[in-house]
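Quick notes on the structure that follows.
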Amino acid sequence: MSVEPSNVPTHVAVIMDGNGRWARARGKQRHAGHRAGVRAVRATVEAAAEHGVRYLTLFAFSSENWRRPEEEVSNLMSLFVEALRREVAELHRNNVRLRFIGALEQLGAGLQKKIAAAVDKTSGNTGLVLNVAVAYGGRWDIARAAQALAAKAAAGEIDARGIDEDAVAARLALGGAPDPDLLVRTGGERRISNFLLWNLAYAELWFTDVLWPDFDEAEFGRALADFAGKQRRYGHTGEQVEAVEC
Ligand code: IPE
Ligand code: IPE
Ligand code: MG
């Protein structure tokens, strides 16, 4: 499905949900679903780059996912290490800049090292920016920004009365990236699950029942086509927006 280039979202955020149900439907362990999910990540990164998306932010592991059974968490962590080992060279060849957001200090030392190496290796790339959210929570993000600003105010470096929306936004994990234009959630649930709470303020929301391991370019195309038909008003009237577009 082709989409008018001007209507392609600059930034797409994805809640990759449904791996466990995908596996269960096949009589497999949940881990098989997570493995299959890595293939869908690969396909989505390629599709995003092809369509001209500039930023892709994937929710891989939430602050709340630490509550899962220990075995599943440890399998997921091993899978992240393996995925980095396998995928980074190809991402680098494709000019993708890899970044990670989340409480990375909560991760094992081996994974942290792999993450740092991947970020460093791809830091000069100029193509798609791929943000992977690991041990990430929207509330964690906002609280951390508040903490950083409070510390600066306490040190006399900034005036607390001058803290505005731009100051908070700049301190969030996504920092200078534009806000997501489109949020995709697979797996049928219609909730945000503590993803980018601040940054999603004006995102278009697109939900699909497709389970994450089955997500492919065709489904991504449907999300982009839906987005292309939206009028983004940001509080204005439709008439005001049309007057500017003419
Ligand atoms: C998403 O799939 C992957 C992670 C949260 C790590 P799930 O594992 O949540 O799959 P379901 O929702 O149980 O099907
Ligand atoms: C959201 O999926 C988190 C990720 C996709 C990483 P969950 O499966 O954890 O969400 P809930 O718990 O059903 O809201
Ligand atoms: Mg889930």
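Here, residue 1 is the first one in the sequence, and each next residue gets the next number. Quantities reported herein were computed from a predicted structural model and do not represent experimental measurements. Counting convention: from 1, in listed order, for ligands and their atoms alike.
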Looking only at heavy atoms of [X], does any of them come nearer than 4.0 Å to an atom of ligand 1?
| X | answer |
| --- | --- |
| Arg30 | yes |
| Ala60 | yes |
| Gly187 | no |

Examine Asp17 against ligand 2 and note whether any of their N/O atoms are separated by less than 3.5 Å.
yes

Under 3.5 Å, N or O to N or O, is Ser193 touching ligand 2 that way?
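N/O-N/O distance below 3.5 Å exists for this pair.
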
Could you list the atoms of ligand 2 found under 4.0 angstrom from a heavy atom of [X]?
| X | answer |
| --- | --- |
| Arg185 | 2 (O), 10 (O), 11 (P), 13 (O), 14 (O) |
| Arg191 | 11 (P), 13 (O), 14 (O) |
| Ile15 | 1 (C), 5 (C) |

Applying a heavy-atom cut-off of 4.0 Å, say which part of [X] lies close to ligand 2: side chain, backbone, both or neither.
| X | result |
| --- | --- |
| Met16 | backbone |
| Ala133 | neither |
| Phe195 | neither |

Atoms of ligand 1, numbered as shown, that sit under 4.0 Å from any heavy atom of Arg21:
11 (P), 12 (O), 14 (O)

Element-labelled atoms of ligand 1 that are located less than 4.0 Å from some non-hydrogen atom of His34
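Near His34, the atoms of ligand 1 are 3 (C), 8 (O).
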
Below 4.0 Å, non-hydrogen atoms only: which portion of His31 touches ligand 1? Side chain, backbone, both or neither.
neither

Which residue and atom name correspond to the protein heavy atom nearest atom 7 (P) of ligand 2, and how close is it?
Arg68 NH2, 3.8 Å

To which of Val14, Asn65, Leu58 does the heavy atom nearest atom 9 (O) of ligand 2 belong?
Asn65

Using a distance threshold of 4.0 Å (strictly less than), state whether atom 12 (O) of ligand 2 has a protein heavy-atom neighbour.
no

Report the relative orientation of the aromatic rings in Tyr136 and Trp140; use parallel for angles under 30°, tilted for 30 to 60°, perpendicular for over 60°.
perpendicular

